[in-house]
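All remarks here apply to the structure that follows.
All ligand and atom numbering here is 1-based and tracks the order in the structure.
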Amino acid sequence: MGFAVQKGLLIWHSMSGANENRVPPGQSRTERWPLLHVGAVPPFDPATWRLEISGDVQRPLSIDWGELTGRPQMTSQGDFHCVTGWSRLDNLWEGYPVRDLAGEVGVRSSVRFLIVECDGGYTTNMPIEAARAPDSLLATRHDGRDLSPEHGGPLRLVVPQLYAWKSAKWVRRLQFVAEDRPGFWENRGYSSIGDPWTEDRYA
Ligand SMILES: Nc1nc2c(c(=O)[nH]1)N[C@H]1C(S)=C(S)[C@@H](COP(=O)(O)O)O[C@H]1N2
Ligand SMILES: [Mo]
């Protein structure tokens, strides 16, 4: 694990070395990038779009599209493991690190979970440690291109440490909270944690 400079960009690698087993148990590798979501792809209007950050924080924040994308962006290389069994390796994500946002708003020591709310009503929750990992981003670009609307554009969360249902698309609201609050899949029996390496699928 560690940062490396690649094509002039500072990149966080969660895995290193070609011989390590990169695919968690029960997963198989795909070269494609499947599409998976409930409901319709929501429209994006940059004039009215806002991202709200609240909860147990010292300085709640509401920022527009220009304010978000004007912040220093980072690139991370990460694997993407859907709980239905496919894994897409070596995705190059660009965006604003969740840990930088957490620093900006002043997350209090009581906080244990991040709650994510999306356009269209999808929600998810995850341990704060995973959200604050160096490769967890609010991503606007993937493999050198702007995120397509189908894959979560304009803004999606990317949490490579956890199953991909935590990588919420069309993110509009983040809440840093002390008490866990199950999201869409978590309310249907899935885990609040979702670590693919321990096959932590169900609550
Ligand atoms: N808003 C929203 N985000 C979502 C989902 C969803 O239904 N709605 N599905 C999740 C699941 S289960 C997966 S596997 C990934 C799929 O992302 P992709 O369609 O870009 O491959 O998005 C996650 N984020
Ligand atoms: Mo998934």
Side-chain angles (χ1 to χ4, degrees), residues 14 22-46 48-53 65 68 75-96 98 101 113-127 130-131 133 135-175 181-203:
S14 49
R22 305 270 311 276
V23 179
Q27 298 291 118
S28 52
R29 190 174 174 177
T30 174
E31 302 287 336
R32 300 181 310 119
W33 190 10
L35 269 180
L36 210 62
H37 54 259
V38 286
V41 175
F44 166 53
D45 178 359
T48 56
W49 187 96
R50 294 192 81 79
L51 180 68
E52 314 281 341
I53 307 100
W65 182 245
L68 174 75
T75 299
S76 79
Q77 186 167 324
D79 300 340
F80 198 67
H81 310 293
C82 174
V83 71
T84 61
W86 53 268
S87 290
R88 190 181 195 280
L89 305 185
D90 296 325
N91 299 274
L92 203 59
W93 302 103
E94 292 172 56
Y96 187 54
V98 178
L101 187 66
F113 285 87
L114 173 66
I115 312 297
V116 189
E117 295 177 22
C118 307
D119 262 335
Y122 185 81
T123 54
T124 189
N125 57 305
M126 69 200 71
D135 54 356
S136 292
L137 301 181
L138 287 161
T140 54
R141 290 167 64 79
H142 174 270
D143 285 356
R145 295 194 190 131
D146 287 345
L147 268 181
S148 69
E150 294 75 16
H151 282 298
L155 185 72
R156 82 177 297 163
L157 186 64
V158 175
V159 183
Q161 278 192 13
L162 303 180
Y163 279 123
W165 89 77
K166 308 284 184 180
S167 290
K169 309 197 258 194
W170 316 299
V171 171
R172 292 294 296 275
R173 190 158 179 229
L174 301 171
Q175 288 174 278
R181 199 188 306 160
F184 181 87
W185 285 115
E186 295 82 4
N187 269 319
R188 289 160 176 80
Y190 283 86
S191 174
S192 279
I193 302 170
D195 174 6
W197 295 97
T198 60
E199 296 190 75
D200 178 41
R201 298 185 179 92
Y202 308 109

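- For residues 24-40, the pairs satisfying salt bridge (Lys or Arg N to Asp or Glu O under 4.0 Å) are Arg29-Glu31, with sequence neighbours left out.
- Of the candidates Trp65, Trp170, Phe44, Leu155 forms a side-chain contact (heavy atoms from CB on, under 4.5 Å) with just one, namely Trp65.
- Between Phe80 and Trp93, the ring planes lie tilted relative to each other; the angle falls in the 30° to 60° range.
- Applying the salt bridge (Lys or Arg N to Asp or Glu O under 4.0 Å) test to residues at least two apart or on different chains, the pairs with a partner in residues 184-194 are Lys166-Glu186.
- Asn91 pairs by the side-chain hydrogen bond (donor to acceptor under 3.5 Å, both in side chains) definition with Arg88, His142, not counting sequence neighbours.
- Contact shell of ligand 1 (protein heavy atoms, cutoff 4.0 Å): Trp33, Pro34, Leu35, Leu36, His37, Val38, Phe80, Cys82, Trp86, Cys118, Tyr122, His151, Arg156, Ala164, Trp165, Ser167, Ala168, Lys169, Trp170.
- Ring geometry for Tyr190 versus Tyr202: interplanar angle of 30 to 60°, hence tilted.
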